[in-house]
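Note that the numbering runs from 1 along the sequence shown for the chain.
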Amino acid sequence: MHTMKRKMALIFTCLLASFILLFYVRRPILTGSLTKQTVYLWFLNSFHIKDSCREPMFMLVDDDSGMGIFKIHEICERVGLKATFAVVPSVLDSMRIDSLRAWHRDGYGIALHGYNHGRWKEWTADEIVGDINKSIAFLEEHDIASPDQIGIVVTPGSYNTRAIRKAIDSLGMKMVMGAGVVNPDTTTFQWGRLFITKDTNLDEVRDILERTKADKGFIIFGTHSSNPDEFSAEKTEAILRMAVDLGFVACR
């Protein structure tokens with residue numbers, strides 16, 4: 001009996017030591033304050049096996065598809081990269097539909113953000129799947145993007161419930177939320193991101209980018225370009241240029 005207990009204690013000690021070593025060597029990069037979502041995603045990413053052959057990568061995801069998308073497009077054209085627009089179909093007018101269609105054909109990404117930006121945290125998985133499919137049907141009907149070209153769901157309100165995860169995973173799509181975590185690479189199911197606002201500190205972002213580059217990670221920047229109280233075109237452009245200058249590869 002005592003021998004069995006000693007063996008179990010030794011196994012536990014070895015596992016604990018392995019976890020501590022793994023955490024020390026590969027701990028995820030946090031980009032903001034701790035929240036329930038941040039801790040959850042940070043913990044998951046602690047155990048993710050990264051592709052060490054990757055280059056550091058970044059993406060810009062702009063939410064809500066309001067009139068601010070035109071400012072994002074201008075910035076991207078100047079910097080020389082393609083953003084991904086998280087679309088809310090119910091708010092789109094003909095001008096934005098035509099623009100998103102043309103931009104997508106030019107290489108810009110299209111993601112889903114809820115047909116009406118609904119309160120998914122109160123919905124069942126089946127209801128969320130129905131909402132996603134409704135958005136996909138809209139985008140296909142208006143020739144913005146075909147179903148096989150849409151692989152990312154940006155959860156409305158950055159919600160993250162079991163039902164949301166089940167719904168998105170069942171459709172084979174990637175999930176983006178607001179947790180402030182740099183992703184180990186592009187293969188994980190759930191992605192965190194760093195929002196760019198008027199209050200964003202450029203020196204702090206540079207530090208995050210430099211650490212992400214050393215770790216060959218994947219950082220997603222988020223913007224709410226249609227919210228003038230939050231959005232800063234100047235800081236958005238400065239950060240995107242910073243990423244390019246540091247050698248990050250843009251993806252969508």
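- The cluster map of Ile, Leu, Val, Met, Phe, Trp and Tyr, joined by side-chain heavy atoms under 4.5 Å apart, puts Val176 and Tyr40 in different clusters.
- When all heavy atoms of Asp229 and Lys198 are compared, the pair lying nearest together is O-CD, 3.8 Å.
- Considering CG of Asp64 and NE2 of His224, their distance stands at 5.0 Å, rounded to 0.5 Å.
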Would you check, one step at a time, whether the test side-chain hydrogen bond (donor to acceptor under 3.5 Å, both in side chains) holds for Thr38 with Thr35? CA-CA 5 Å; Thr38 300; Thr35 65; 2.8 Å; yes

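- Between the CD1 atom of Ile69 and the OG atom of Ser226 there is a distance of 7.5 Å, given to the nearest 0.5 Å.
- Contact of the Arg165 side chain with the Arg162 side chain is registered, since non-hydrogen atoms from C-beta on lie closer than 4.5 Å.
- For Thr223, the side chain to side chain contact (heavy atoms under 4.5 Å, CB included) criterion is met by Leu60, Asp62, Ile72, Ile196, Phe231, Thr236, not counting sequence neighbours.
- For the pair Met177/Arg193, no side-chain contact is recorded, criterion being any heavy-atom separation below 4.5 Å from C-beta on.
- The local environment of NZ in Lys166 is sparse, with at most 12 non-hydrogen atoms from other residues, nucleotides or ligands closer than 6.0 Å.
- Between Lys82 and Asp106 there is a salt bridge, since at least one side-chain N of the basic residue sits less than 4.0 Å from a carboxylate O of the acidic one.
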List the steps, then state whether side-chain hydrogen bond (donor to acceptor under 3.5 Å, both in side chains) holds for Asn160 with Gln190. CA-CA 10 Å; Asn160 183 4; Gln190 297 175 70; 3.2 Å; yes

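- In the hydrophobic clustering of this structure, Val154 does not group with Leu171; members are Ile, Leu, Val, Met, Phe, Trp, Tyr whose side-chain heavy atoms approach within less than 4.5 Å, directly or through other members.
- Distance check: Leu100 CG to Leu139 CG gives 8.5 Å after rounding to the nearest 0.5 Å.
- Taking the six-membered ring for Trp and the full ring otherwise, the centers of Tyr159 and Trp123 sit at least 6.0 Å from each other.
- Placement of Val244 and Met59 in two distinct hydrophobic clusters is found when ILVMFWY residues are connected by side-chain heavy-atom separations under 4.5 Å, directly or transitively.
- For the residue pair Thr187 and Asp185, a side-chain donor N or O sits within less than 3.5 Å of a side-chain acceptor on the partner.
- Of the listed residues (Val181, Leu194, Thr212, Ile219), just one forms a side chain to side chain contact (heavy atoms under 4.5 Å, CB included) with Ile29, and that residue is Thr212.
- Between atom NZ of residue Lys71 and atom OG of residue Ser232 there is a gap of 10.5 Å, rounded to the nearest 0.5 Å.
- The shortest distance between side-chain heavy atoms of Ile136 and Leu112 falls below 4.5 Å.
- At a threshold of 4.0 Å, the pair Lys213-Glu210 does not count as salt-bridged, since none of the basic side-chain nitrogens sits closer than that to a carboxylate oxygen.
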When you look at Asp148 and Ser146, which way does the side-chain hydrogen bond (donor to acceptor under 3.5 Å, both in side chains) test go after all the steps? CA-CA 6 Å; Asp148 63 307; Ser146 59; 2.5 Å; yes

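- Nearest heavy-atom pair, Lys235 versus Asp199, reported as atom, atom and distance to 0.1 Å: NZ-C, 4.0 Å.
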Is there a side-chain contact (heavy atoms from CB on, under 4.5 Å) between Met242 and Leu209 once you walk through the steps? CA-CA 8 Å; Met242 190 185 300; Leu209 281 168; 3.8 Å; yes

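- Between Asp207 and Arg211 a salt bridge is recorded (basic side-chain N to carboxylate O distance below 4.0 Å).
- When all heavy atoms are compared, the tightest approach of Gly114 to Ser135 is C-OG, 3.9 Å.
- In terms of the side chain to side chain contact (heavy atoms under 4.5 Å, CB included) criterion, residue partners of Asp143 (sequence neighbours excluded) are, by chain and number, Arg101, Arg105.
- Ion pairing between a basic and an acidic side chain is recognised when a charged N comes within 4.0 Å of a carboxylate O; Arg206 and Asp203 show no such pairing.
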Tyr115 vs Ile132, test: side-chain contact (heavy atoms from CB on, under 4.5 Å). Steps then yes/no. CA-CA 7 Å; Tyr115 189 85; Ile132 291 173; over 6 Å; no

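- Residue Glu230 holds its CD atom at 7.0 Å from CZ of Phe195, rounded to the nearest 0.5 Å.
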Test side-chain contact (heavy atoms from CB on, under 4.5 Å) on Asn133 and Val129; report intermediate values, then the result. CA-CA 6 Å; Asn133 286 331; Val129 168; 3.5 Å; yes

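- Under the 3.5 Å distance criterion, the side-chain polar atoms of Ser46 are matched with a main-chain donor or acceptor of Trp42.
- Nearest approach of Asn183 to Gly192, heavy atoms of both residues: OD1-N, 2.8 Å.
- Linking Ile, Leu, Val, Met, Phe, Trp and Tyr residues whenever their side-chain heavy atoms come within less than 4.5 Å places Met175 and Phe43 in a single cluster.
- Inter-residue side-chain proximity for Phe85 and His104 is flagged as unmet; no heavy-atom pair is nearer than 4.5 Å.
- Under a 3.5 Å cut-off, the side chain of Thr84 and the backbone N or O of Ala111 do not form any donor-acceptor pair.
- Scored by the ring-ring contact (aromatic ring centres under 6.0 Å, His included) test, His117 finds His113 as partners (sequence neighbours excluded).
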Pair Val153-Trp120, side-chain contact (heavy atoms from CB on, under 4.5 Å): steps then yes or no: CA-CA 12 Å; Val153 177; Trp120 282 8; 3.7 Å; yes

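- In terms of heavy-atom proximity, Ser65 sits nearest to Val88 at OG-N, 3.0 Å.
- In this structure the side chain of Gln149 never reaches within 4.5 angstrom of the side chain of Ile110, judged on heavy atoms.
- With rounding to the nearest 0.5 angstrom, the CZ atom of Arg241 is 8.0 Å from the CG atom of Asp245.
- Side-chain atoms of Met95 and Phe70, non-hydrogen and from C-beta on, do get closer than 4.5 Å to each other.
- The pair Glu237-Arg78 meets the salt-bridge criterion, since a charged nitrogen lies less than 4.0 angstrom from a carboxylate oxygen.
- A donor-acceptor contact shorter than 3.5 Å is absent between the side chain of Glu77 and the backbone of Glu74.
- Looking at heavy atoms from C-beta onward, Leu81 lies in side-chain contact with Phe58 at the 4.5 angstrom threshold.
- For the pair Val61 and Ala86, the tightest heavy-atom approach, listed with the atom from each and the gap, is CG1-CB, 4.1 Å.
- Placement of Phe248 and Trp191 in two distinct hydrophobic clusters is found when ILVMFWY residues are connected by side-chain heavy-atom separations under 4.5 Å, directly or transitively.
- Side-chain contact between Cys251 and Phe218 is present, with at least one heavy-atom pair separated by less than 4.5 Å.
- Separation of the Tyr108 and His73 ring centroids falls under the 6.0 Å cut-off.
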